[in-house]
Amino acid sequence: MKGAAQDAPNRAGSLADLVRPYPEPPAGHVSDSRLEAVLRSGRFAVTAELNPPDSADPADVFEAARPLAEVADAINATDASGANCHMSSIGICALLTRAGHGTVYQISCRDRNRIAIQGDVLGAAAMGVRNVLCLTGDGVGAGDQPGARPVFDFDSVSLVRAIRTMRDDGVFLSGRRITRPPRLFIGAAENPCAEPRDWRPERLAKKVEAGADFIQTNYIFDLPVFEAFMARVRDLGLDRRVFILAGVGPLASARAARWMRSNVPGVHIPDAVIDRLERAANPAEEGKRLCIELIGRMREIHGVAGVHVMAYRREHLVSEIVHASGALDGRRPWLRHPDA
Amino acid sequence: MYRVRLFAVRHARRFEWLYGRFEAFMAACDPLFSRLGYARVERPVAFVERLTKGFLFDCRMCGQCALSSTGMSCPMNCPKQLRNGPCGGVRAGGYCEVIPEMRCVWTLAWEGAARMRNGGGIHEVAPPVDRSLEGTSSWLRASREKAAARREAREAGRTALARAYPGARASEPATAPLADEPAR
């Protein structure tokens, strides 16, 4: 946050206040993302997922970001996750970047075709987005409007390659030139605990080959499975080519865990974890403790560069969890100065 | 048919061999197709292709067949039509997120590719499908592409030769020709 103009976006400023030179990345970086800087410097990174509002009020976005901002290097804006309609990820990112927050703009292939997505990537980059996360997206049947037409023009891997082509070659997939290419730190997801487990590391290799700079995984509750995955990832040398952020989150209760397991695509929770919640006198507290423990274990796994905290409807706990886990190692992520 | 499709993946190695032979045959037919006109043979070939591949692989005639790189499991049967799967939603036992009673097309693809002699194509990043080619014959497209690649290789030789003898190329261009030759 430098000028006063950014602090008062509604003030009728001059055009010169709005038009700043598009930043070129520092040497050795692909973007001027703070998340990229943290990861490249070898520090353990933290990202957190924002619960998108069902509202048109910007205040609701800033309110949702508040508990995450003090511990996250970047905030993920989900793109109609679970095929449920909410405020768009590009809208959320546009607001958050105005306030100076680092954002991860999530793009799902489910709802938009290649024309829309490539245009949005330029638009997002122009609005200050520095990180994107390329996702296939959950099927429309999982959401609140199952009658919608699924698009899936790209898949996550071909989308990663398309954005890398835009960034590094400065062209759309049509070959038409982009006068100022988007400087983006490109992310993809992986789900180490989902079948076919033997092939998950191979598919990760494909995403790296396509151009992924960082990976955010789905929820990991099954540590042995994740450790086996990471061992194979290291064998393939992928940990040296991509930054891997392990997905974690606090479970509210055994019932909530069971519900997630059977209703949210791609969530794998072992029975042992559910039993532990069931036996606990205070399941919510136990879920939090479990999450803190998991973060601690993740820090010890060679090749894990950070954690991605997804605390759906429990965002108020994120700060406490991250602090208790020691993930930041005393580091303070960028925070908007309260009286700036 | 679902069961035939599963059979094809189980026997991916045999189908790979068969397909390799068939592709070579189609490529060899390129001069014939060129003479008849690809436009004229398109409809009858596409008709046969639709019937055969429809029966064996539940082919959707995307026109950009990648079966040899997907363990003989047609990616267009994936409800998300991923060309680089599987997605993260695969259920326990390798079942589809969207159609829970169906084996995941891409789980089968990786299994099939592992059975193949040259299944490594599955590691290549596949581009999105060009929807304007839907319904057209992939066999003819493969034949044209194979033949074009062969011509290009010949072309590279001609270019190298012309570059190696630049003087002759300048004084007697016919001795190191570069212009398109008419079909013979």
Side-chain angles (χ1 to χ4, degrees), chain A residues 82-83 108-110 113-114 117 134-142 146 150-162 164-165 173 188-200 202-203 205-212 216-219 236 247 261-262 264-268, chain B residues 6 9 12 60 62 64 66 69-71 73-116 119-134:
Chain A
S108 143
C109 298
R110 181 193 53 236
N113 68 10
R114 66 191 81 178
I117 291 180
C134 302
L135 303 165
T136 296
D138 305 314
V140 291
V151 178
F152 297 112
D153 194 17
F154 280 124
D155 57 42
S156 58
V157 185
S158 56
L159 174 59
V160 166
R161 177 57 66 79
R164 192 188 76 177
T165 304
L173 279 191
E190 192 46 75
N191 195 352
C193 301
E195 303 269 359
R197 285 180 189 156
D198 290 349
W199 302 117
R200 290 286 162 193
E202 312 286 336
R203 186 156 185 264
K206 238 175 127 165
K207 291 188 170 183
V208 175
E209 197 49 47
Q216 290 178 316
T217 78
N218 287 53
Y219 281 115
L236 293 170
R261 187 161 74 165
S262 44
V264 183
V267 174
H268 165 75
Chain B
L6 295 184
V9 174
R60 308 287 176 98
C62 69
Q64 298 182 281
S69 299
T70 59
S73 172
C74 170
M76 303 314 275
N77 287 307
C78 162
K80 301 183 184 177
Q81 302 204 335
L82 302 189
R83 299 288 280 200
N84 298 281
C87 71
V90 183
R91 293 167 192 266
Y95 286 87
C96 173
E97 170 199 324
V98 180
I99 309 172
E101 60 278 11
M102 180 178 84
R103 289 294 309 283
C104 161
V105 166
W106 275 97
T107 299
L108 292 172
W110 282 90
E111 287 172 11
R115 289 189 192 110
M116 285 180 161
I122 200 162
H123 294 283
E124 298 297 334
V125 177
V129 181
D130 182 341
R131 302 282 168 177
S132 66
L133 302 179
E134 253 165 10

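All values below were derived from every heavy atom in this structure, side-chain atoms included, with hydrogens, water molecules and symmetry-related copies excluded. In what follows, every chain begins at residue 1, and chains take the letters A, B, ... in the order their sequences are listed.
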Margin query: So which residue, A:Arg203, A:Glu190, A:Lys207, A:Glu209, ends up with the most heavy-atom pairs under 4.5 Å with chain B?
Written below: A:Arg203

Next item on the list: Identify, with sequence neighbours excluded, every residue that meets salt bridge (charged side-chain N to carboxylate O under 4.0 Å, His left out) alongside A:Arg164.
Entry: none

Next item on the list: Answer with side chain, backbone, both or neither: which region of A:Thr136 has an atom nearer than 4.5 Å to a non-hydrogen atom of chain B?
Entry: side chain

Next item on the list: Answer yes or no: is there a side-chain heavy-atom contact under 4.5 Å between A:Phe154 and A:Leu173?
Entry: yes

Notebook entry, point to check: Pairs in or reaching into residues 122-132 of chain B: which pass side-chain hydrogen bond (donor to acceptor under 3.5 Å, both in side chains), with residues at least two apart or in two chains?
Noted result: B:Gln81-B:Arg131, B:Asp130-B:Ser132, B:Arg131-B:Glu134

Check: Is it the side chain or the backbone of A:Ala205 that comes within 4.5 Å of chain B heavy atoms, both, or neither?
Finding: neither

Next item on the list: Enter the distance from A:Ser158:OG to B:Asn84:CG here, rounded to the nearest 0.5 Å.
Entry: 5.5 Å

Checklist line | B:Val129 vs B:Met76 side-chain heavy atoms within contact, under 4.5 Å | finding: yes

Notebook entry, point to check: What part of A:Arg197 gets closer than 4.5 Å to chain B, counting heavy atoms only: side chain, backbone, both or neither?
Noted result: neither

Item checked: Gap separating the CZ atom of B:Arg83 from the OG atom of B:Ser69, nearest 0.5 angstrom -> 9.5 Å

Check: What are the residues of residues 87-99 of chain B, in order of number, with any heavy atom under 4.5 angstrom from a heavy atom of chain A?
Finding: B:Cys87, B:Gly88, B:Gly89, B:Val90, B:Arg91, B:Ala92, B:Gly93, B:Gly94, B:Glu97, B:Val98

Next item on the list: Under 4.5 Å, counting heavy-atom pairs only, tell me which of A:Val140, A:Asp155, A:Val264 racks up the most with chain B.
Entry: A:Asp155

Margin query: Can you tell me how far apart CG (A:Asn191) and CG (A:Asn218) are? Round to the nearest 0.5 Å.
Written below: 3.5 Å

Check: Got a sec, which residues hit salt bridge (charged side-chain N to carboxylate O under 4.0 Å, His left out) with A:Glu195, two or more places apart in sequence or on another chain?
Finding: none

Notebook entry, point to check: Judged by modelled atom types alone, do B:Arg60 and B:Asn77 share a side-chain donor-acceptor pair under 3.5 Å?
Noted result: yes

Item checked: Which portion of A:Arg114 sits near chain B, non-hydrogen atoms under 4.5 angstrom -> side chain

Next item on the list: Against chain A, work out which of B:Gly85, B:Pro86, B:Pro127, B:Pro79 has the most heavy-atom pairs shorter than 4.5 Å and name it.
Entry: B:Pro86

